[in-house]
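As a basis for the values below, the full set of heavy atoms in this structure was taken, side chains included, without hydrogen atoms, waters or symmetry mates. Chain naming here is simple, since letters A, B, ... match the order of the sequence lines and numbering starts at 1 in each.
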Number of protein chains: 2
Amino acid sequence: MANKVKFERENVVRVASQLFWQKGFHATSTRDLQEAVNMRPGSIYSAFGSKEGLYCESLKDYTVQMKTQIEGFLSSADTVLGGLRAFVENVIIKTKGCSPSAICMLVKANSEFAEKDSKLYELSLDLMAQFEAYLTQIFEQAINKGELSNTLTAVEYARFFQVQFTGLRGYFNRPDVEQFAEPMINQMFMLMRKL
Amino acid sequence: MANKVKFERENVVRVASQLFWQKGFHATSTRDLQEAVNMRPGSIYSAFGSKEGLYCESLKDYTVQMKTQIEGFLSSADTVLGGLRAFVENVIIKTKGCSPSAICMLVKANSEFAEKDSKLYELSLDLMAQFEAYLTQIFEQAINKGELSNTLTAVEYARFFQVQFTGLRGYFNRPDVEQFAEPMINQMFMLMRKL
DNA sequence: TTTTAACTTGAGCAGTCGCTCAAAATCAAA
DNA sequence: TTTGATTTTGAGCGACTGCTCAAGTTAAAA
């Protein structure tokens with residue numbers, strides 16, 4: 001007994017996510033969003049409550065997308081480390097031009113929201129912790145398969161991966177330096193086996 | 001034959017720098033700045049031209065401050081690597097509570113300005129390149145003194161340092177994790193000697 | 001076909017933004 | 001002490017912000 005919603009929520013969140021990832025929360029205006037998702041303010045606010053609400057969903061969707069991407073690379077690779085490596089190469093080198101930003105949206109969020117008790121800062125921490133837990137599972141597999149030594153625990157490998165990956169993505173957030181990317185990714189995975 | 005300026009330019013830039021570093025460019029309003037530096041809009045605009053102008057000076061001042069800090073640690077350490085290590089520990093562990101942000105202001109700037117041809121993005125790239133050149137000089141000394149092998153060039157060590165340091169600072173931009181910091185800094189310097 | 005609850009629309013509100021500029025204040029030189 | 005170039009002041013401008021809500025549109029249920 002009603003009217004149906006005309007938009008597909010998933011699609012809207014995905015488009016908003018791209019815009020937020022590119023420009024950041026503060027630099028993205030509600031007018032930018034209205035144009036990008038082709039919705040009028042009333043519809044957006046009845047569906048998401050606020051700009052912050054839409055950003056929350058966008059950030060959560062981003063981590064889901066990342067995990068899905070990793071799953072894909074893992075399932076079509078012979079080894080766990082091979083899959084992770086393909087994922088890293090894809091993010092840093094292959095999707096360089098078409099990605100909204102070289103830098104992880106979670107890291108951007110974490111650095112943008114300075115007030116340590118703000119909802120959005122807490123959300124970024126929470127999602128990062130979840131992602132670390134997810135990586136930990138993956139590294140458990142790598143250890144169990146004998147791809148990595150057990151001198152480090154799985155969570156320590158996960159932390160190492162996070163630091164390296166974040167560092168590399170930050171470093172390559174510039175137009176010119178694809179030439180150094182490949183050897184530095186080599187270095188990262190070589191070092192991981194030496195830990 | 002005139003009036004004298006009432007403010008000390010260096011001090012104003014330093015205070016503005018702290019605020020910009022903490023909140024980012026877009027989330028810092030001119031009213032915030034006015035209050036922080038205790039100047040009326042007219043004075044600020046006659047001295048710095050625009051919010052962007054003040055930000056430029058703030059960002060440049062930040063890199064000067066960083067270099068000065070490194071100089072200090074280098075001159076009061078026995079080895080180049082020891083000095084760098086003291087610097088890293090100071091930034092990540094010791095000044096944790098009092099620093100406006102765990103994340104490097106240059107990295108924050110680089111990630112905040114998405115439009116690849118904007119003046120502020122170009123400035124962040126420029127200052128990062130300068131800083132890499134500065135680090136390269138330092139690593140040249142480390143190699144010459146025999147503290148590091150010459151399997152990598154000085155600039156390659158500098159890049160490695162940047163990636164690790166940026167990664168660590170990003171990772172430790174949270175309230176609770178000082179406990180992991182020390183071993184991970186250990187790891188960073190251990191790995192550098194193994195390259 | 002009529003009813004009616006759900007959804008969409010967009011003009012526009014109240015507040016904030018970066019910034020300006022005429023007037024007041026200041027102080028070295030005359 | 002007077003002069004006059006220079007700096008400081010702050011009210012306030014026009015643009016933009018996140019967001020609201022009364023009016024209009026839609027389509028399933030009656």
Side-chain angles (χ1 to χ4, degrees), chain A residues 1-59 108-109 112-115 118-121 123, chain B residues 1-59 108-109 112-115 118-121 123:
Chain A
M1 59 174 81
N3 198 357
K4 273 188 184 170
V5 292
K6 294 238 170 15
F7 61 89
E8 292 174 33
R9 197 178 180 88
E10 271 200 7
N11 244 319
V12 167
V13 170
R14 195 137 306 154
V15 170
S17 177
Q18 300 276 310
L19 202 60
F20 276 132
W21 185 8
Q22 184 189 95
K23 307 185 71 170
F25 178 77
H26 288 105
T28 305
S29 74
T30 51
R31 265 97 178 158
D32 291 337
L33 291 164
Q34 286 160 35
E35 199 174 348
V37 306
N38 192 30
M39 286 169 73
R40 264 32 67 200
S43 295
I44 294 178
Y45 279 82
S46 87
F48 301 101
S50 64
K51 180 187 173 186
E52 194 172 302
L54 178 51
Y55 185 86
C56 283
E57 281 210 38
S58 299
L59 199 60
K108 268 193 143 181
E112 184 169 7
F113 305 113
E115 300 145 49
S118 79
K119 197 184 165 191
L120 261 22
Y121 174 74
L123 177 65
Chain B
M1 58 177 82
N3 197 355
K4 270 188 185 171
V5 292
K6 294 237 169 14
F7 62 89
E8 293 174 33
R9 196 178 181 88
E10 269 199 9
N11 246 317
V12 167
V13 171
R14 194 139 307 156
V15 170
S17 177
Q18 301 275 310
L19 203 59
F20 276 132
W21 185 7
Q22 183 188 98
K23 308 185 68 169
F25 178 77
H26 288 104
T28 306
S29 74
T30 51
R31 264 100 178 158
D32 291 336
L33 290 163
Q34 286 161 35
E35 198 175 348
V37 305
N38 193 29
M39 287 170 72
R40 264 32 68 200
S43 296
I44 294 179
Y45 280 82
S46 86
F48 301 101
S50 64
K51 182 188 174 185
E52 192 172 304
L54 178 52
Y55 186 86
C56 283
E57 281 210 39
S58 299
L59 198 60
K108 265 192 145 181
E112 185 170 5
F113 306 113
E115 301 145 48
S118 80
K119 197 183 164 191
L120 259 25
Y121 175 74
L123 177 67

>> Quick check: do A:Thr30 and A:Ile44 have side-chain heavy atoms less than 4.5 Å from each other?
In response: no
What's the closest nucleotide to the side chain of [X] if the choices are [options]?
X	options	result
B:Arg31	C:dC13, C:dG18, D:dT9	C:dG18
A:Arg40	C:dT9, D:dT9, D:dT20	C:dT9
A:Pro41	C:dC17, C:dA11, D:dG10	C:dA11

Heavy-atom closest pair, residues [X] and [Y]:
X	Y	result
B:Glu112	B:Phe25	OE1-N, 3.0 Å
B:Ala16	B:Val37	N-CG1, 4.2 Å
A:Ser50	A:Tyr45	CA-CE2, 3.6 Å

> Which part of the nucleic acid, if any, lies within reach of A:Ser46 when heavy atoms closer than 4.0 Å are counted: base, sugar-phosphate only, or nothing?
Replying inline: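 Nothing, no heavy atom under 4.0 Å.
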> So what does B:Ser29 touch, heavy atoms closer than 4.0 Å: a base, only the sugar-phosphate, or nothing?
Replying inline: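 Since only primed, P, OP1 and OP2 atoms lie under 4.0 Å of B:Ser29, the category is sugar-phosphate.
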Rounding to an integer number of Å, can you tell me how far [X] [atom1] sits from [N] [atom2]?
X	N	atom1	atom2	result
B:Gln34	D:dG10	CD	P	11 Å
B:Phe48	C:dG18	CZ	C1'	16 Å
A:Leu33	D:dC19	CG	P	10 Å
A:Phe25	D:dT17	CZ	C1'	12 Å
B:Asp32	C:dG18	CG	P	8 Å
B:Glu35	C:dT16	CD	P	14 Å
B:Ile44	C:dG18	CD1	C1'	11 Å

> So which one's nearest nucleotide on DNA chain D is more toward 5', A:Tyr45 or B:Met39?
Replying inline: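 Result of the comparison: B:Met39.
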>> Students often mix this up, so state it plainly: with edges at 30° and 60°, are the rings of A:Phe113 and A:His26 parallel, tilted or perpendicular?
In response: tilted
> With nearest nucleotides of DNA chain C determined for B:Ser43 and B:Lys51 from heavy-atom distances, which residue corresponds to the more 5′ nucleotide?
Replying inline: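 Its nearest nucleotide lies further toward 5', so the answer is B:Lys51.
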